[in-house]
Undergrad: 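The structure's right below; bear with me while I get my questions together.
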Amino acid sequence: MAVQSVESSTTSSAPDASGAFGPAIALSCRECGERFDLGPVFACEVCFGPLEVAYELPAGDPEELRRRIESGPNSIWRYAPLLPVPADVADLPSLHPGFTQLVKADNLARELGVTGELHIKDDSGNPTHSFKDRVVAIAVQAARTFGFTTLSCSSTGNLAGAVGAAAARAGFRSCVFIPHDLEAGKVVMAAVYGGELVGIEGTYDDVNRFCSELIGDPVGEGWGFVNVNLRPYYGEGSKTLAYEICEQLGWRLPDQIVIPIASGSQLTKIDKGLKELIAIGLVEDKPYKIFGAQAEGCSPVSAAFKAGHDVVRPQKPQTIAKSLAIGNPADGPYVLDIARRTGGAVEDVNDEQIVDAIKLLARTEGIFAETAGGVTVGVTKKLIEDGLLDPSLTTVVLNTGDGLKTLDAVAPTTGPSAIIRPTLDSFREAGLA
């Protein structure tokens, strides 16, 4: 994987970046701790470990910070004091994602035998109907600062649409890359924004490798790949899920949270967000458990967790949950660490269980989840049945996208209750009266 040095990347970037990254002060290696200047780099030059954003977070009265956040816009920008973005970010062109509903799922709780609070964090309410709008919004701000002219990504579908839409709003060219056999709804949604959409023959991991090569080639000059050379900033968008969940719970931590795993970045950044809220005193410190959810047909992290391994062995994806079909998840080892540290687990469900869970959530709470949401709900059910998730505690389950994007998963078993003639007799004959 190509590595850009901080020196070379920052000299060719945008003009003065002072204040552009708010409280962010450096990029820090998750493996060796080496620090680098803020720039479009994603791998440590010392040990090749992944880089993430390090901060000097606000100090002082937590109550004052809470009031400041609560008086902010109804988007992720209310948390600007905790993100690598400028103070005036809410005034810049963006899709303003976030602050989606936290639904108290009492009907689903009864079905699952949950006696404590059960909530669905429904991120299908974002502008392009998935949580990817959050991560892209942060990456766009970094791309603007570094002077990139083209936004790009490797994607399993949702990210491609989020990049296309965000680029259109912010005035960037976009060129995104996807596996050639994605769900039709995601392909159309990614293409409609007018950017270039390129299908690659192969899996997501093949697409990602191609993008890494493109970054190191002259043709990629001026390109910001949101999940590669902008990945440290992009990943920070997932922290806003943690912030919102705690604020919507009345500034308290959930006891348990179930998160889907694709690359694993979302889970690791939610954990980072929870720890930050504790550190600055916005929530009371207490134990919480994080559970990861995968589809059986692409479950490398689940397999490693169950086997007690620290290394995640890649798999070839074969599942209807294509948004989670990453066979070699970059953050897999860190997911294992978090699940074990918090007393959680990583579990998987098969395609039939995914479809059943999609229908269960729709029937009980009126939320039509995409296949990734079927994975989290299905895994929650399985964890309860296996005694791994405590049904008496406050639990939050993530739905990261809209079911309209993955209609093929439920279409074969979903349709009209009956087809009748336009008469009352026909209605009665059908047993519907």
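Worth knowing before you read on, the calculation uses all heavy atoms, side chains too, and leaves out hydrogens, waters and symmetry mates. For clarity, every value in this text was computed on a predicted model and none was experimentally measured.
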Undergrad: Got V114 and I384 here, is their nearest side-chain heavy-atom distance under 4.5 Å?
TA: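 In contact.
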Undergrad: For S263 and R231, which I'm curious about, is there any donor-acceptor pair between the side chains at under 3.5 Å?
TA: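 There is such a pair between these side chains.
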Undergrad: Using only heavy-atom distances, determine whether the side chains of S299 and Q294 contain a donor-acceptor pair under 3.5 Å.
TA: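 No, no side-chain donor-acceptor pair sits under 3.5 Å.
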Undergrad: Quick one: does F99's side chain get under 4.5 Å of E244's, heavy atoms only?
TA: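 Contact flag for F99/E244 side chains = yes.
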Undergrad: Does the S155 side chain pair with the main chain of A160, one donor and one acceptor, at a distance under 3.5 Å?
TA: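 Flag set: sc S155 to bb A160 pair under 3.5 Å.
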Undergrad: Judged by atom type as modelled, is there a donor-acceptor pair below 3.5 Å linking the side chain of K382 to the main-chain atoms of Q353?
TA: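 No: the side chain of K382 does not pair with the backbone of Q353.
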Undergrad: Strictly distance-based, threshold 3.5 Å: is any side-chain N or O of S212 a donor or acceptor partner for the main-chain N or O of N208?
TA: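 Side chain of S212 to backbone of N208, a donor-acceptor pair under 3.5 Å: yes, one is there.
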Undergrad: Please check if any side-chain donor atom of E370 sits under 3.5 Å from a side-chain acceptor atom of N399, or the reverse.
TA: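 Their side chains do not contain a donor-acceptor pair, so the 3.5 Å distance test is not met.
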Undergrad: Can a donor-acceptor pair be found, under 3.5 Å and without considering hydrogens, that links the side chain of D402 to the backbone of L404?
TA: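 Checking the backbone N and O of L404 against the side chain of D402, a donor-acceptor pair under 3.5 Å is found.
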Undergrad: Inspect the contact between R30 and D337 and indicate whether a charged nitrogen and a carboxylate oxygen are less than 4.0 angstrom apart.
TA: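 No salt bridge links D337 with R30.
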Undergrad: What is the distance from atom CD1 of I280 to atom CZ of R66, rounded to the nearest 0.5 Å?
TA: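 With rounding to 0.5 Å, CD1 (I280) is 9.5 Å from CZ (R66).
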Undergrad: Taking only residues two or more places apart in sequence, or in another chain, which ones meet D133 in a side-chain hydrogen bond (donor to acceptor under 3.5 Å, both in side chains)?
TA: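 Testing D133 for side-chain hydrogen bond (donor to acceptor under 3.5 Å, both in side chains), a comparison that skips the adjacent residues, returns T128.
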Undergrad: Does any non-hydrogen side-chain atom of S130 lie less than 4.5 Å from one of K405?
TA: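 SC-SC contact between K405 and S130 confirmed.
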Undergrad: For residues Y234 and K269, is any side-chain donor paired with an opposing acceptor at under 3.5 Å?
TA: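 No, no side-chain donor-acceptor contact under 3.5 Å.
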Undergrad: Are L197 and V187 side-chain neighbours, meaning at least one heavy-atom pair lies under 4.5 Å?
TA: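 Sidechains of V187 and L197: in contact.
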Undergrad: If you define the side chain from C-beta out and look only at heavy atoms, does anything of E347 sit under 4.5 Å from F291?
TA: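 Counting from C-beta outward, E347 and F291 never come under 4.5 Å.
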Undergrad: State, without any angle test, whether N126 and D123 hold a side-chain donor-acceptor pair at a distance under 3.5 Å.
TA: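 Side-chain D/A pair, N126 to D123: present.
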Undergrad: Indicate every side-chain donor-acceptor pair of residues 245-253 with a distance under 3.5 Å to a residue at least two apart or in another chain.
TA:
| residue | atom | partner | partner atom | Å |
| --- | --- | --- | --- | --- |
| E247 | OE1 | R78 | NE | 3.2 |
| E247 | OE1 | Y79 | OH | 2.5 |
| E247 | OE2 | R78 | NH2 | 2.7 |
| Q248 | OE1 | K121 | NZ | 3.0 |
| Q248 | NE2 | T100 | O | 2.8 |
| W251 | NE1 | E70 | OE2 | 2.7 |
| R252 | NE | L249 | O | 2.8 |
| R252 | NH2 | E117 | OE1 | 2.9 |
| R252 | NH2 | E117 | OE2 | 3.0 |

Undergrad: Have D348 and S302 got a donor and an acceptor in their side chains that come within less than 3.5 Å?
TA: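 The answer is yes; a qualifying pair exists.
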Undergrad: What I want to check is whether the side chains of D351 and T319 have a donor and an acceptor closer together than 3.5 Å.
TA: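 Checked: D351/T319 side chains pair up, N/O donor to acceptor below 3.5 Å.
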Undergrad: Distance only, no hydrogens: is a donor on one side chain within 3.5 Å (strictly under) of an acceptor on the other, for W77 and S94?
TA: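 Per modelled atom types, W77 and S94 side chains form a pair under 3.5 Å.
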Undergrad: Considering only NZ, NE, NH1 and NH2 on the basic side and carboxylate oxygens on the acidic side, decide whether K275 and D271 come within less than 4.0 Å.
TA: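 Result for this pair is yes, salt bridge flagged.
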Undergrad: Compare all side-chain heavy atoms of T371 with those of K322 and state whether any distance is below 4.5 angstrom.
TA: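 A side-chain contact is absent here, since even the closest heavy-atom pair is not under 4.5 Å.
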Undergrad: List the steps, then state whether side-chain contact (heavy atoms from CB on, under 4.5 Å) holds for L83 with F21.
TA: CA-CA 7 Å; L83 296 170; F21 296 107; over 6 Å; no
Undergrad: Run the salt bridge (charged side-chain N to carboxylate O under 4.0 Å, His left out) check on E111 and K381 step by step: do they pass?
TA: CA-CA 9 Å; E111 289 269 351; K381 182 176 185 290; over 6 Å; no
Undergrad: Just wondering, do S152 and F177 contact through their side chains at under 4.5 Å, heavy atoms?
TA: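 Side-chain contact under 4.5 Å: yes.
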Undergrad: Could you walk me through whether E64 and R67 pass the salt bridge (charged side-chain N to carboxylate O under 4.0 Å, His left out) test, one step at a time?
TA: CA-CA 5 Å; E64 182 181 341; R67 287 192 292 270; 5.4 Å; no
Undergrad: Have N227 and S154 got a donor and an acceptor in their side chains that come within less than 3.5 Å?
TA: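 Checked: N227/S154 side chains pair up, N/O donor to acceptor below 3.5 Å.
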Undergrad: If we only count heavy atoms from C-beta on, is the F36 to S28 side-chain gap below 4.5 Å?
TA: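 A side-chain contact under 4.5 Å is absent here.
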Undergrad: Any Lys/Arg nitrogen of K239 or E236 sitting under 4.0 Å from an Asp/Glu carboxylate oxygen of the other?
TA: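 Salt bridge between K239 and E236, a charged N being under 4.0 Å from a carboxylate O: yes.
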Undergrad: Are the charged groups of K286 and D255 less than 4.0 angstrom apart, N to O?
TA: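 A salt bridge links K286 with D255.
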Undergrad: Given the rule in the side-chain hydrogen bond (donor to acceptor under 3.5 Å, both in side chains) test, do E276 and Y55 qualify, once you have shown the distances and angles that lead to the verdict?
TA: CA-CA 10 Å; E276 287 176 351; Y55 296 90; 5.5 Å; no
Undergrad: Can any side-chain N or O of Q256 pair as donor or acceptor with the backbone N or O of D390 at less than 3.5 Å?
TA: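 Answer holds: yes.
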Undergrad: Indicate yes or no: does D61 engage R68 in a salt bridge with an N to O separation below 4.0 Å.
TA: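 Looking at D61 and R68, the cut-off is not met.
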